[in-house]
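Read the numbers this way: they start at 1 and go in the same order the structure lists the ligands and their atoms. Treat the numbers as computed from the prediction; the structure is a model and nothing was measured.
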Amino acid sequence: MPERVYNFSPGPGTLPYEVLQQAAKDVVNFNNIGIGLIEMSHRSKEFIAVTDTAEKLLRELLEIPDNYKVLFLQGGASSQFFMVPMNLLGEGKKAAYLNTGTWSKKSIKEAKLFGEIDVVYSSEDTIFDHVPTGDQYQVSDDAEYLYFVSNNTIYGTQFPEMPKSEKMLVSDMSSDILSRKFDVSKFGLIFAGAQKNMGPAGITIVIIRDDLLDRAGETVPTMLNYKTHADKGSMFNTPPCFGIYIVGEVLKWLKKNGGVEGIEKINREKAALLYNMIDSTDYYRGHAQKESRSMMNVNFNLPTPELEAKFIAEATTVGLNGLKGHRSIGGCRASIYNAFPREGVVKLVEFMKEFEANNPA
Ligand SMILES: *Cc1c(COP(=O)(O)O)cnc(C)c1O
């Protein structure tokens with residue numbers, strides 16, 4: 001294996017090395033059929049098998065009930081910010097949103113184009129350092145759904161458990177899907193851009209309860225109507241072929257490594273290593289309040305911005321890449337998605353200790 005650094009990038013994020021190696025072969029010559037994966041017809045029996053495998057594994061790993069459709073779409077997670085309300089709301093309809101970070105804020109802005117949006121909770125006043133508990137907000141009876149972002153990638157917060165509501169839940173799980181167990185049947189719709197925790201950019205997965213497919217009004221364009229894609233098994237037009245293939249390979253890797261339950265255990269261990277380090281000293285300060293800490297994105301600050309810059313630069317020289325926080329809040333952020341190896345977290349913790357000793361505040 002050639003030199004690979006530990007890649008803490010928030011997204012696109014690190015992928016399993018064995019998946020990249022397999023993909024490198026398949027892109028040139030898929031299954032020895034003499035055609036590369038990304039030059040193959042999406043309607044060929046070979047590629048239909050790729051799509052079927054990805055869907056089957058996703059259903060198995062997330063225990064998706066039969067009355068849900070799985071869609072492989074393009075346009076990024078950001079297109080779901082408008083597709084969700086465009087399809088699920090309508091004249092005079094209302095939805096409740098939890099504002100817990102940049103991605104929910106953007107989603108709220110789009111949703112307001114399609115209906116009445118009740119922002120029932122916001123943690124913006126405290127720089128999105130937490131997510132609410134169920135007793136901190138109320139959803140009105142006439143809301144169609146409760147929308148939330150399960151993991152706030154930029155601020156490093158995560159709902160420790162999925163919110164409970166009488167209403168159906170809708171969630172953007174772009175940065176923590178497949179990282180922990182949850183009950184799909186409580187949701188009307190789940191979406192996730194693949195590039196954080198399950199594949200490359202360019203593919204977005206939507207899991208939608210089938211009774212919701214008939215809700216879209218007549219003015220919804222064909223390509224933006226979930227039903228179009230559900231009716232054609234994501235083959236209404238050319239789907240994101242490469243993305244579907246990589247997601248399938250990542251899911252094979254995940255299944256081999258203990259599935260969602262197995263990876264959740266490892267994810268909890270990885271996050272605990274980092275948070276224990278942060279809690280053991282005043283030198284590093286976590287951004288998220290303890291009850292809201294993310295297992296996927298660990299944000300922390302050093303005593304000064306100068307020390308943070310030095311920390312990030314020196315980390316890079318020892319093979320710890322991508323630790324710079326998002327431009328909107330600065331500081332440091334270690335993104336430790338499913339495919340990020342435990343050894344890399346151990347190495348970061350060692351580096352943090354050394355850096356503190358060598359660079360007193
Ligand atoms: C990265 C991210 C997005 C944006 O995804 P795009 O595919 O770039 O549109 C949306 N939501 C969350 C939670 C994210 O982490």
Side-chain angles (χ1 to χ4, degrees), residues 7-15 71-86 97-111 113 121-124 127-132 146-160 162-163 169-180 182 187 189-207 223-224 229 234 239-240 242-244 246-247 250 267 271 287-288 292-299 322 324-329 333-340:
N7 174 14
F8 290 93
S9 169
T14 198
L15 289 171
L71 312 178
F72 299 121
L73 306 182
Q74 306 194 43
S78 298
S79 291
Q80 296 309 310
F81 300 171
F82 63 81
M83 272 181 79
V84 165
M86 187 183 236
Y97 277 64
L98 300 176
N99 184 21
T100 57
T102 307
W103 301 118
S104 54
K105 213 172 149 179
K106 289 189 171 178
S107 206
I108 289 163
K109 175 170 178 267
E110 299 300 298
L113 300 170
Y121 189 87
S122 174
S123 53
E124 191 164 12
I127 321 178
F128 295 120
D129 67 350
H130 68 283
V131 297
L146 171 64
Y147 180 104
F148 69 101
V149 179
S150 57
N151 181 71
N152 297 282
T153 325
I154 293 176
Y155 298 91
T157 66
Q158 184 176 30
F159 283 85
M162 298 300 175
L169 301 172
V170 171
S171 186
D172 174 357
M173 297 196 187
S174 294
S175 53
D176 71 348
I177 192 162
L178 293 160
S179 70
R180 56 171 168 172
F182 69 94
F187 291 78
L189 189 151
I190 293 161
F191 67 88
Q195 72 271 25
K196 311 281 165 54
N197 215 18
M198 60 181 167
I203 171 169
T204 303
I205 289 182
V206 172
I207 301 166
M223 272 297 285
L224 301 183
H229 303 285
S234 301
F242 182 66
I244 293 172
I246 297 282
V247 168
V250 169
N267 287 335
H287 175 71
S292 299
R293 283 173 161 176
S294 168
M295 286 196 286
M296 301 276 99
N297 310 95
V298 179
N299 289 46
K324 198 169 163 35
H326 191 266
R327 58 192 180 280
S328 60
I329 58 161
R333 170 175 51 169
S335 297
I336 48 174
Y337 299 121
N338 281 359
F340 190 92

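For the residue pair Gln80/Asp172, the side-chain donor-acceptor check at 3.5 Å is not satisfied. Side chains of Asn151 and Ser294: a donor-acceptor N/O pair is present below 3.5 angstrom, by distance only. In this model, a donor atom of one side chain and an acceptor atom of the other lie less than 3.5 Å apart for Asn99 and Ser104. Tyr337 and Asn267 share no side-chain donor-acceptor pair at under 3.5 Å. With 3.5 Å as the limit, one finds no donor-acceptor pair spanning the side chains of Asp176 and Asn197.
Look at Gly193 and you'll find every heavy atom at least 4.0 Å from all atoms of ligand 1.
Heavy-atom proximity to Lys196, at under 4.0 Å, picks out these atoms of ligand 1: 1 (C), 2 (C), 3 (C), 14 (C), 15 (O). When each atom of ligand 1 is checked for a heavy atom of Phe81 under 4.0 Å away, the hits are 10 (C). Close contacts of ligand 1 with Val149, meaning ligand atoms under 4.0 Å from a residue heavy atom, involve 13 (C). Those atoms of ligand 1 with a heavy atom of Gly76 less than 4.0 angstrom away are 7 (O), 9 (O).
Between Ala77 and ligand 1, an N or O atom pair is found at a separation short of 3.5 Å.
Note: Thr153 OG1 to His326 NE2 = 9.0 Å, rounded to the nearest 0.5 Å.
Of all the heavy atoms of Phe191, none lies under 4.0 Å from any atom of ligand 1, so neither backbone nor side chain is involved.
The option from Thr100, Ile177, Asp172 that lies nearest to atom 13 (C) of ligand 1, judged by heavy atoms, is Asp172. Comparing Met296, Gln195, Gln74 by heavy-atom distance to atom 6 (P) of ligand 1, the nearest is Gln195.
The nearest heavy-atom contact from the protein to atom 9 (O) of ligand 1 is Ser78 OG, 2.6 Å.
Within the 4.5 Å cutoff, the side chain of Ser174 has no heavy atoms near those of the Thr204 side chain.
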